There are 2 protein chains.
Amino acid sequence: MELRTLRYFVAVAEELHFGRAAARLRMTQPPLSRAIKQLETELGCALLLRSPTGVALTPAGVLLHEEARALLAQADRVRARVTALAGPVTLTVGTLADSAEQFGTRLAAAYREHHPGARILIRESDLTDPTVGLRAGLVDVALTRTPFDDTGITTRTLRSERVGVVLRTDDPLAQRDGLRLADLAERRWFRFPDGTDPVWHAYWTGAAGDGRRRDGPVVRTARECLQSVLWNGTVGLMPLGHALPEGLTVVPLTDMAPSALVIAWREADATALIRSFVRIAETVHRATDPARAG
Amino acid sequence: MELRTLRYFVAVAEELHFGRAAARLRMTQPPLSRAIKQLETELGCALLLRSPTGVALTPAGVLLHEEARALLAQADRVRARVTALAGPVTLTVGTLADSAEQFGTRLAAAYREHHPGARILIRESDLTDPTVGLRAGLVDVALTRTPFDDTGITTRTLRSERVGVVLRTDDPLAQRDGLRLADLAERRWFRFPDGTDPVWHAYWTGAAGDGRRRDGPVVRTARECLQSVLWNGTVGLMPLGHALPEGLTVVPLTDMAPSALVIAWREADATALIRSFVRIAETVHRATDPARAG
DNA sequence: TCCGGCCGATACCGCCTCGGTATCATTGCC
DNA sequence: GGCAATGATACCGAGGCGGTATCGGCCGGA
């Protein structure tokens, strides 16, 4: 008799209909039927009277309905009191703010729902810091993308994304359905300011930092990078599957390793709150993305 | 935050030692550590302070300890009240009483522990009724062995046992480590009274009822069968692995299908109480037998 | 100072539970 | 009598959970 099972039973007892109860629980009907049957088996008495027209409660079912509601309410109070005792907590999240905007908002919403007492601060970084303040200690957990120097940092991959080159639609190469880095060797490449994470810089400038890249414009944000494509004809790189301004196209790069959208935190101080954030992030991402919807 | 997890936490909070708490919960330490860690992750706050010398509770842990105890107590009361509402219930169990004596007692004990309000009656049958009163409606559920005519009856196998022939220790064949039914063709075979289940009768008399078996003694119980071996030199059959009186040996039969120890009940009236009994039986059997200890 | 024992954490594995899809059986209704 | 609705069943794949083996870190004693 676990709380999950009682939640199932309460839903059925109130809907008096397995299908509607399942919908309310955001699941399907067969596992709900099975769970209720197992509950009856465990208690050793019938709780529901099934009929093709619907469901009725037995006396034991009526009693369990009331008691289960009270028990679930008490469980909620317990959880609230215990977390409240930990005091008002603030979690600072760093984000690259390029790709995961709507996912970030969903994530923040889910996190607030799960921890009503916690404050969550968002700190957006530009493209020059792939750890988005994590290494500097400015944030507790980061929503960013690989690759970067991850010594002392733990990451959990949410999804892996292929990378493409952003070109003006009138570019001769824009019609191709795939390009290699060599095809762009003669173009002007952007670069990041000095001090940018070397792994990160080498990746996004398309090669292990051969000197030729040095003459391109310096960019700090995705917007600057795209503007540079439009105005200066430099190449830009970005993950596939994201919206682009008018007049720009993205062509997949076939010889570039994918970049992963990750949750990152410092190994040293993985508090329960941070682990909770990571877990919620994984759950939310899986619930919204797996069919590439998020 | 399920009740199972809270039971784990209460154990750790009271023992202040993962190893002892795990022993109290009859589990091992690693999954307990993991479960507690997951609980802390879910709540988003630390409950325990670990150290190599032991464990201490945080303030949140102290609070959760009290609250969880209360919650678990309430859950127990709910369960008791709901099952009590179903009224005093009697479950009649039929048993063959040959092999599963100690298992039967453990099973009855576990069942009483799980359903304090229920009465359980044991009805022992002799070997002439393999359904031990189930088909006659005398019992609700049967602890018996195959094979028998199971039309209208559902069975769950607990374990499958090879069958051997019981011989006097001074019998010429008693030293063999395996026999075939043909080796016993010339012996006198026991038989069951008329009206015994035909499938059952054919199995235990060693063949599909060829007429020759007709001249042996009629037995109704395992004791009678063994006595007939001692006094009349008839053959006897029984599952391997059971205790035998002095002066008797059992030799495995290599060409006889195994007999299964089963829980059986009438499909038509599988109440929650009966299903509960079946489930408990399977659990108890698995907990005590799998290494052939029960 | 080093070694051994104790304790919790981690890694990894196999089973079983759980939720999903597809389908069936029953019943009431038009 | 056919059809729609409802719950039950069969089956499958992923994930959770408990198990074994092992690690790392701290303490106490020689």
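Worth saying up front: this structure is predicted, and the values here are computed from it rather than measured. Naming: A, B, ... by sequence-line order, numbering from 1 per chain.
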For this session: Side-chain contact test, heavy atoms from C-beta onward, threshold under 4.5 Å: evaluate it for Phe148(A) versus Leu134(A) and give yes or no.
Result: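 They are not in side-chain contact.
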Exercise. Do Arg20(A) and Glu14(A) meet the salt-bridge criterion of a basic N to acidic O distance under 4.0 Å?
Worked result: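 A salt bridge is absent here (no side-chain N lies under 4.0 Å from a carboxylate O).
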Problem set entry | Neighbour count above 12 (heavy atom, 6.0 Å) for Arg69(A) CZ | no
Given [N], is OP1 or OP2 found less than 4.0 Å from the side-chain N or O atoms of [X]?
| X | N | value |
| --- | --- | --- |
| Thr53(A) | dT6(D) | no |
| Lys37(A) | dG7(D) | no |
| Arg286(A) | dG15(D) | yes |
| Arg4(B) | dT17(C) | no |
| Arg34(B) | dA11(C) | no |
| Thr28(B) | dG19(D) | yes |
| Arg50(B) | dA9(C) | yes |

For this session: By nearest nucleotide on DNA chain C, pick out whichever of Ser51(B) and Arg279(B) is the more 5' one.
Result: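 So the residue in question is Ser51(B).
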Exercise. Which atoms form the tightest heavy-atom contact between Pro130(A) and Thr144(A), and what is the distance?
Worked result: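 Closest approach of Pro130(A) to Thr144(A): O-OG1, 2.7 Å.
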Rounded interatomic separation in angstrom, taking [atom1] from [X] and [atom2] from [N]:
| X | N | atom1 | atom2 | answer |
| --- | --- | --- | --- | --- |
| Gln29(A) | dT23(C) | CD | P | 15 Å |
| Phe18(B) | dG24(D) | CZ | P | 20 Å |
| Leu16(B) | dG8(C) | CG | C1' | 14 Å |
| Gln38(B) | dA9(C) | CD | C1' | 14 Å |
| Leu32(B) | dG19(D) | CG | P | 10 Å |

Exercise. Quick one: on DNA chain D, does Thr5(B) or Pro52(A) contact a more 5' nucleotide (nearest heavy atom)?
Worked result: Pro52(A)
Exercise. When the nearest nucleotide of DNA chain D is assigned to Pro31(A) and to His17(A) on a heavy-atom basis, which residue is associated with the more 5' position?
Worked result: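 On the 5' side of the pair lies His17(A).
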Exercise. Which value, rounded to the nearest 0.5 Å, describes the distance between His285(B) atom NE2 and Thr283(B) atom OG1?
Worked result: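 Answer for the NE2-OG1 pair, His285(B) versus Thr283(B), is 11.5 Å.
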Exercise. Base, sugar-phosphate alone, or nothing: which one does Arg20(B) contact when heavy atoms must sit under 4.0 Å apart?
Worked result: nothing
